[in-house]
Amino acid sequence: ASSWVNLNGLWEFQPGTATDAPPFGQRLNATILVPFPAESCLSGVWQNHPYLWYRKVFYTPFPTPGTHTILRFGAVDWQTTIWINGKPVGNHTGGYDGFEFDVTDYLIIDSDNELLVRVFDPSDFGAQVFGKQRVSAITDAGGDTYTPASGIWQTVWLENTPATYIQSVRIKGNLTVFTLSVQSNVANMPYTVTVSDNQRVVAQGNGLTGVSNVIVVIPQPHLWTPDDPFLYNITFVLGSGDTVYSYGGLRTFALGKDDKGVTRPMLNGQFIFLAGWLDQSYWPDGIYTAPSDEALAFDVKAVKTFGMNMIRLHQKVNSERWYWYTDSLGIIVFQDMVQHYGDPHGNPPSRDLFLTDFKAMMDGRYNHPSIVQWTAFNEGDMVGHFNATEVVEWAQAYDPSRLVDTDSGGPANDLHVGDVNDIHDYPDPQDPKPNDHQYAMIGEFGGIGAFIDGHEWWPKQCSTYLHVQTPEDEADTYIRMANTILSRKKDISASVYTQITDVERECDGFYNYDRTNKFTDDQVKAIAAANQALIHN
């Protein structure tokens with residue numbers, strides 16, 4: 001769309017109850033800074049409530065005749081109901097995917113308009129997926145469970161579009177071809193697509209929305225790799241004039257055999273060892289939401305600072321902006337499906353909610369070339385409530401362009417379905433074996449922690465898998481573990497260290513929770529050299 005309005009900023013706010021009537025036309029009793037979750041200090045609320053009311057009054061100028069106004073939410077945790085000017089607009093269930101409503105007919109033109117949002121988020125008391133969130137962590141943080149993140153936690157905005165507009169695009173690249181499709185609010189509309197290499201147009205195509213894919217062959221293709229994360233610009237134009245500017249990368253990620261006959265993950269037909277870390281994507285001041293774009297980018301850039309090439313994004317789906325950084329910086333992403341982490345209150349997970357959210361995650365992040373693998377389950381968090389084979393076969397069929405890890409470090413890994421034999425070992429890495437249809441991966445190891453005075457979430461309350469006295473000890477121990485994995489590289493194709501940062505009371509990061517570095521420059525260089533040896537030797 002050519003015009004849009006960012007609705008982030010101060011909104012009216014108040015906690016609610018299960019039986020509240022919508023407070024139409026009433027000033028709420030507090031304010032909140034959107035898009036920070038209610039429990040975060042940056043929100044200004046710093047409280048947990050299962051029922052939340054948000055109110056925003058905004059002005060709508062007279063639009064161009066025949067246009068539409070679309071209200072978009074990046075993500076809201078968990079169940080959202082929307083009213084505009086006292087009229088119900090719609091609702092959405094799911095805490096990690098974006099959603100939109102066409103609000104054209106609800107607006108009063110050349111006037112103030114009232115947007116009222118009700119959110120219900122039971123956190124770990126519900127049947128939905130919630131990742132590492134625990135209400136109890138607010139007053140008694142666990143070793144690996146953290147403060148909840150309720151309500152609006154990604155950007156909210158309005159877009160003005162033509163009457164016929166693009167709702168979504170799908171982009172898949174391989175070694176020579178982009179396969180593209182467009183959905184619009186009116187089906188069977190003609191569109192054109194143009195692919196450029198930042199200097200010139202290299203390919204064009206035409207299609208009809210919602211009907212079939214457009215296949216665009218790229219001459220002299222420039223492939224996407226961690227060392228050279230080349231992205232093509234892709235422009236979609238509807239006959240109505242609505243235009244979407246996007247991008248894509250040409251790459252494949254599939255199983256293959258190396259010259260020894262060992263099953264390996266092949267990026268563009270070549271085996272490259274994937275050395276990364278576990279990323280919970282929590283921030284001390286914003287919880288689920290980075291305090292700034294610079295802070296969001298910092299965590300991604302840090303991967304290469306330490307000589308790695310991969311992130312396992314753990315129990316969370318990040319904003320689209322985060323994946324722009326992984327795409328453009330060349331960081332491989334293993335994307336976890338968010339889990340219903342245990343049954344802390346005797347509420348088992350809902351199969352329907354899990355599968356709906358899994359599909360929404362795959363749809364919402366499909367276009368990012370950096371994501372090469374989906375992780376269906378983690379350890380024993382919830383897999384016992386599901387037929388893991390059925391879920392994995394569904395995921396493989398729904399997105400055959402990526403690999404699927406059945407159950408990272410969990411009991412369903414023993415079924416040997418899916419594409420990865422993935423074990424967890426703390427603190428020292430062990431030696432998982434590949435088989436004919438799975439590569440071997442250490443999905444978690446390490447957990448080495450030096451506790452740094454003045455940088456702890458709760459002073460003197462840190463815990464970890466392997467406590468060491470100094471950052472030098474942490475660096476030396478990590479390098480020893482990396483060298484152990486290197487000695488077993490004939491079997492192992494990927495490893496994930498726990499973790500990038502300390503998170504609340506779990507203090508096993510390379511960075512403190514405040515993102516200060518635990519190590520000296522020389523120690524960083526030594527860690528990076530060990531990781532580069534793992535990748536390239």
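- For the pair Q154 and N318, the tightest heavy-atom approach, listed with the atom from each and the gap, is NE2-C, 4.0 Å.
- For the residue pair T326 / S370, a side-chain donor-acceptor distance below 3.5 Å is found, with atom types taken as modelled.
- If you run ring-ring contact (aromatic ring centres under 6.0 Å, His included) between Y247 and each of Y323, W324, F236, only W324 comes through.
- At least one side-chain heavy atom of I234 sits under 4.5 Å from a side-chain heavy atom of I171.
- Inter-residue side-chain proximity for I331 and N309 is flagged as unmet; no heavy-atom pair is nearer than 4.5 Å.
- Between W394 and F358, the ring center distance clears the sub-6.0 Å criterion.
- With rounding to the nearest 0.5 Å, the separation of CD in Q315 from OG1 in T145 is 11.0 Å.
- Atom OH of Y366 and atom CG of D399 lie 5.0 Å apart (nearest 0.5 Å).
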Let's go through N160 and Y165 carefully: what are the C-alpha distance in whole Å and the side-chain angles of both, what is the deciding distance for side-chain hydrogen bond (donor to acceptor under 3.5 Å, both in side chains) to 0.1 Å, and is it a yes or a no? CA-CA 10 Å; N160 191 242; Y165 62 92; over 6 Å; no

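- Between the side chains of H222 and D228, at least one donor N or O lies within less than 3.5 Å of an accepting N or O.
- Between F120 and Y51, the ring planes lie parallel to each other; the angle is under 30°, not in the 30° to 60° tilted range.
- Cation-pi geometry between K316 and Y96 is not satisfied (NZ or CZ under 6.0 Å from the ring centre, within 45° of the ring normal).
- Two residues are said to be in side-chain contact when any heavy atoms from C-beta on lie closer than 4.5 Å; F13 and N29 fail this criterion.
- Counting heavy atoms from C-beta on, the side chains of L116 and Y54 never come closer than 4.5 Å.
- Aromatic pair F178/Y232: centroids less than 6.0 angstrom apart.
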I would like to know whether H92 and D97 meet side-chain hydrogen bond (donor to acceptor under 3.5 Å, both in side chains); could you show each step before the answer? CA-CA 10 Å; H92 175 79; D97 59 309; 3.2 Å; yes

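- Counting only heavy atoms from C-beta outward, the side chains of V503 and Y513 approach each other to under 4.5 Å.
- Taking both residues in full, the closest heavy atoms of T164 and S240 are given as O-OG, 2.6 Å, listed atom of the first, atom of the second, then distance.
- A heavy-atom distance below 4.5 Å is found between the side chains of L7 and V5.
- Remark: L250 CG to T225 OG1 distance equals 11.5 Å, nearest 0.5 Å.
- The salt bridge (Lys or Arg N to Asp or Glu O under 4.0 Å) pairs that include a residue from residues 201-225 number zero, where partners must be two or more places apart or lie in different chains.
- From F24, atom CZ reaches atom CZ of R55 across 11.0 Å, with rounding to the nearest 0.5 Å.
- Between V193 and V216 the shortest side-chain heavy-atom distance falls below 4.5 Å.
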Between R170 and D363, is a salt bridge (Lys or Arg N to Asp or Glu O under 4.0 Å) present by the stated rule, with each step listed? CA-CA 9 Å; R170 178 163 280 206; D363 287 339; 2.9 Å; yes

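- A heavy-atom distance below 4.5 Å is not found between the side chains of T406 and V420.
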Criterion side-chain hydrogen bond (donor to acceptor under 3.5 Å, both in side chains) on D407 and N378, from CA distance to verdict: CA-CA 5 Å; D407 185 15; N378 179 73; over 6 Å; no

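- No close placement of the W283 and W153 rings is indicated, their centers lying 6.0 Å or farther apart.
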Would you please test D299 and R515 for salt bridge (Lys or Arg N to Asp or Glu O under 4.0 Å) and show each step? CA-CA 8 Å; D299 285 9; R515 269 45 175 195; 2.7 Å; yes

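- Ring pair F354/F377: centre-to-centre distance below 6.0 Å.
- Ring-plane geometry between F101 and F99 is classed as perpendicular, the angle between the planes exceeding 60 degrees on a 0 to 90 degree scale with a lower cut at 30.
- Taking the six-membered ring for Trp and the full ring otherwise, W224 and F230 have centroids separated by 6.0 Å or more.
- Q339 contributes no side-chain N or O that, together with a main-chain N or O of K132, makes up a donor-acceptor pair within less than 3.5 Å.
- Between the side chains of D20 and T17, at least one donor N or O lies within less than 3.5 Å of an accepting N or O.
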Walk me through whether D242 and T161 qualify under side-chain hydrogen bond (donor to acceptor under 3.5 Å, both in side chains). CA-CA 7 Å; D242 194 31; T161 72; 5.6 Å; no

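- Within the structure, every pair that satisfies the side chain to side chain donor-acceptor pair (under 3.5 Å) test and touches residues 349-358, not counting sequence neighbours, is listed here: R351-E390.
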